[in-house]
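Contents: one structure, followed by commentary.
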Amino acid sequence: DKQIFSGIQPTSIPHLGNYFGAIKQWVDMQNSLSKDQDTRPMIISIVDLHAITLPKDPRILNDYIYKCAATLVSCGIDPERNILYQQSQVAYHGQLSWILGCKVTMPQLGRMHQFKFKSDGLAEVPLGLYTYPVLQAADILLYRATHVPVGEDQLQHLELCRTIADKFNNTYSTNYFPSPIPLQGEFTRLKSLRDPSKKMSKSDADSNSRIELVDPPEIIEKKIKKAVTDSERLISYKPDKRPGLSTLIDLECAVTGQLPEEVAERCMLQAIDKSEYKKHVSKLLIEHLAPIQAKYKKLINDKKLLDDILDDGAKKANKIAEKNFHDICKIIGSR
Ligand code: TYM
């Protein structure tokens, strides 16, 4: 049976990279799932335990858990049809993480790009930053997930998750854990608006580098206006030579489903220049996000509803996790 699982860190409001790289895929999958008899409800986790691998003010973390939940529901994740929950409300994640940590080596963890990037320059590197991918493997394997829709930056973690699952299966002569495969959408790596050599990221210190899903129209306009391009006046799609401008075209395509070449050709024919084009892209984004933002505005003020959604999700997740964790304990010889 197919089991889809994915996660998102509540470290800020999700941005367009999260949206086009992951969340939109989740919504599309949910909408096609009902027709697919062999698939169990999709499981989406707000991974608050991953969010504390680097220091986090408790009030801010708490706030972002709600904001993240509200954003996901506003984007179209239906908490009735799926399991939407907060990671720390299912204690088995931590427990399985310990068991899986016994099946991975220190060099394997030391090779992770994200670890190298995030620990670079830190005077003290927290252990949690290092074992982050083990907890991520536990998230996925606890539900025996087979498919994990993520952006490109998570592929290495997914690969390690498969290695850990294999190691566990081989050690205990079982095939209990499936080998989860990543699913990628069309936009697997949206770039930063300020530096196209980087990905759009929640942790970038420059907030102009990303557009958050609930940014008001004037902020979206400002951020697109400030987006780094180049000195050519007209529009063409050349991701290598003109990465900044090409990211703007990617955004238009992500919203409208057109091909980048079509967009570039239309702009050429109409001799549209960069500042006009930026206005056009802002308008498209503002229109696309308007219904999401309208839902968000209502939801974020209804804490009781958000609590109910997350508590209900945790109940459903715990039911599956409890059974699986019990089976895993038996496999390792515990009782
Ligand atoms: P996180 O919270 O950084 O990002 C959530 C999802 O958004 C994708 N993403 C992007 N996609 C395209 N372009 C970008 N610029 C961009 N930035 C982010 C990410 O690839 C991700 O799919 N470790 C995970 C959270 C996690 C998880 C899991 C994911 C914890 N456990 C189990 C899947 C399965 C993370 O930090 O995602």
Side-chain angles (χ1 to χ4, degrees), residues 3-27 29 42-54 56 61 64-65 67-69 71-72 75 77 83 85-88 90 93-94 96-97 100 112-115 117-118 128-129 131-162 164-165 178 180-204 209-213 243 247 250-251 254 317:
Q3 174 66 66
I4 300 171
F5 180 95
S6 201
I8 183 163
Q9 290 196 64
T11 43
S12 82
I13 304 257
H15 53 67
L16 288 177
N18 300 130
Y19 181 67
F20 290 120
I23 301 170
K24 203 158 171 290
Q25 283 199 78
W26 304 344
V27 175
M29 280 174 188
M42 180 168 65
I43 306 176
I44 302 292
S45 186
I46 297 176
V47 294
D48 51 348
L49 298 176
H50 279 114
I52 59 166
T53 46
L54 289 174
K56 193 79 27 211
L61 178 67
Y64 277 138
I65 290 169
K67 286 179 172 166
C68 204
T71 309
L72 294 177
C75 286
I77 300 288
I83 302 178
Y85 76 103
Q86 185 192 332
Q87 184 187 36
S88 63
V90 179
H93 287 255
L96 180 57
S97 179
L100 299 180
M112 295 293 112
H113 306 309
Q114 185 176 299
F115 172 70
F117 178 73
K118 295 210 164 163
L129 196 60
T131 57
Y132 181 113
V134 184
L135 181 59
Q136 181 160 347
D139 297 343
I140 298 167
L141 297 175
L142 182 56
Y143 303 95
R144 304 177 77 191
T146 55
H147 295 78
V148 186
V150 285
E152 188 192 78
D153 58 348
Q154 296 303 315
L155 291 184
Q156 198 189 26
H157 286 162
L158 256 283
E159 175 93 52
L160 183 63
C161 174
R162 282 201 298 279
I164 294 174
I181 51 169
L183 295 177
Q184 300 233 273
E186 271 170 77
F187 298 93
T188 61
R189 188 187 163 87
L190 186 65
K191 292 169 184 136
S192 152
L193 296 177
R194 299 293 296 161
D195 177 356
S197 68
K198 296 197 220 153
K199 62 170 184 177
M200 187 175 284
S201 159
K202 292 184 202 129
S203 52
D204 197 315
S209 68
R210 62 182 166 266
I211 290 178
E212 296 183 351
L213 297 185
T247 293
D250 285 337
L251 285 175

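Atoms within each ligand, like the ligands themselves, are counted from 1 in listed order.
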- Decide whether an N or O pair under 3.5 Å exists between E152 and ligand 1. no

- Under 4.0 Å to a heavy atom of V47 - the qualifying atoms of ligand 1, by number: 30 (C), 31 (N)

- Item | The one among Q154, K199, Q87 that brings a heavy atom closest to atom 37 (O) of ligand 1 | Q154

- Protein residue, atom and distance nearest to atom 28 (C) of ligand 1, heavy-atom basis: Q136 CG, 3.4 Å

- Message: Test your reading of the structure: does S6 have an N or O sitting under 3.5 Å from an N or O of ligand 1?
- Response: no

- A22 heavy atoms, cut-off 4.0 Å: which ligand 1 atoms fall inside? 6 (C), 7 (O), 22 (O)

- Item | Nearest atoms (heavy-atom pairs only) where P178 meets L141 | O-CD2, 4.0 Å

- Report the part of I140 in contact with ligand 1, treating N, CA, C, O as backbone and CB onward as side chain, heavy atoms under 4.0 Å; options are side chain, backbone, both, neither. side chain

- Which is closest to atom 19 (C) of ligand 1 in terms of heavy atoms, D153, T188, V150? D153

- Query: Which heavy-atom pair separates I13 from Y64 by the least distance, and what is that distance?
  - Reply: N-CE2, 3.7 Å

- Note on the structure: A student comparing L16, D204, L190 should find that the heavy atom closest to atom 13 (N) of ligand 1 comes from L190

- Message: Under 3.5 Å between any N/O of G7 and any N/O of ligand 1: does that happen in this structure?
- Response: no

- Message: Looking at every heavy atom in both Y143 and Q3, which two are closest together, and how far apart are they?
- Response: O-CG, 3.6 Å

- Query: Could an N or O of ligand 1 be found under 3.5 Å from any N or O of G17, whether backbone or side chain?
  - Reply: yes

- Query: atom 23 (N) of ligand 1: which protein heavy atom is closest, and how many Å away?
  - Reply: Y132 OH, 2.7 Å

- Is the closest side-chain heavy-atom distance between K199 and S209 below 4.5 Å? no

- Check whether any heavy atom of F20 sits under 4.0 Å from an atom of ligand 1. no

- Query: Which atoms of ligand 1 are found less than 4.0 Å from any heavy atom of V148?
  - Reply: 33 (C), 34 (C)

- G21 heavy atoms, cut-off 4.0 Å: which ligand 1 atoms fall inside? 11 (N), 12 (C)

- Message: Testing the basics here: between G151 and Q184, what is the closest heavy-atom pair and its distance to 0.1 Å?
- Response: C-NE2, 3.3 Å

- Query: Can you check whether T11 reaches S203 side chain to side chain, under 4.5 Å on heavy atoms?
  - Reply: no

- Is the closest basic N to carboxylate O distance between K198 and D204 below 4.0 Å? yes

- Item | Non-hydrogen side-chain atoms of I44 and M42 separated by less than 4.5 Å | yes

- For ligand 1, is there an N or O atom under 3.5 Å from any N or O atom of D139? yes

- Task: With rounding to the nearest 0.5 Å, note down the distance linking CE in M200 to CG in D195.
- Result: 12.0 Å

- Message: Which residue in the set T71, V47, I23 passes side chain to side chain contact (heavy atoms under 4.5 Å, CB included) when paired with I8?
- Response: I23

- Item | Per-atom contacts of ligand 1 with H15, taking only distances under 4.0 Å to non-hydrogen atoms | 17 (N)

- ligand 1 versus K202, non-hydrogen atoms closer than 4.0 Å: side chain, backbone, both, neither? side chain

- Item | Residue portion contacting ligand 1 (non-hydrogen atoms closer than 4.0 Å) for H50 | side chain

- Item | Shortest non-hydrogen contact between S12 and E212, atoms and distance | OG-OE2, 4.1 Å

- Please report the shortest heavy-atom distance between A317 and V90, naming the atom on each side. CB-CG2, 3.8 Å

- To which of L49, I8, N18, L155 does the heavy atom nearest atom 8 (C) of ligand 1 belong? N18

- Answer with yes or no whether Q114 contacts ligand 1, where contact means a heavy atom under 4.0 Å from a ligand atom. no

- Message: Can you confirm, on distance only, whether ligand 1 has an N/O atom lying under 3.5 Å from any N/O atom belonging to G151?
- Response: yes

- Message: Quick check on the 6.0 Å ring-centre criterion: do H157 and F115 meet it?
- Response: no

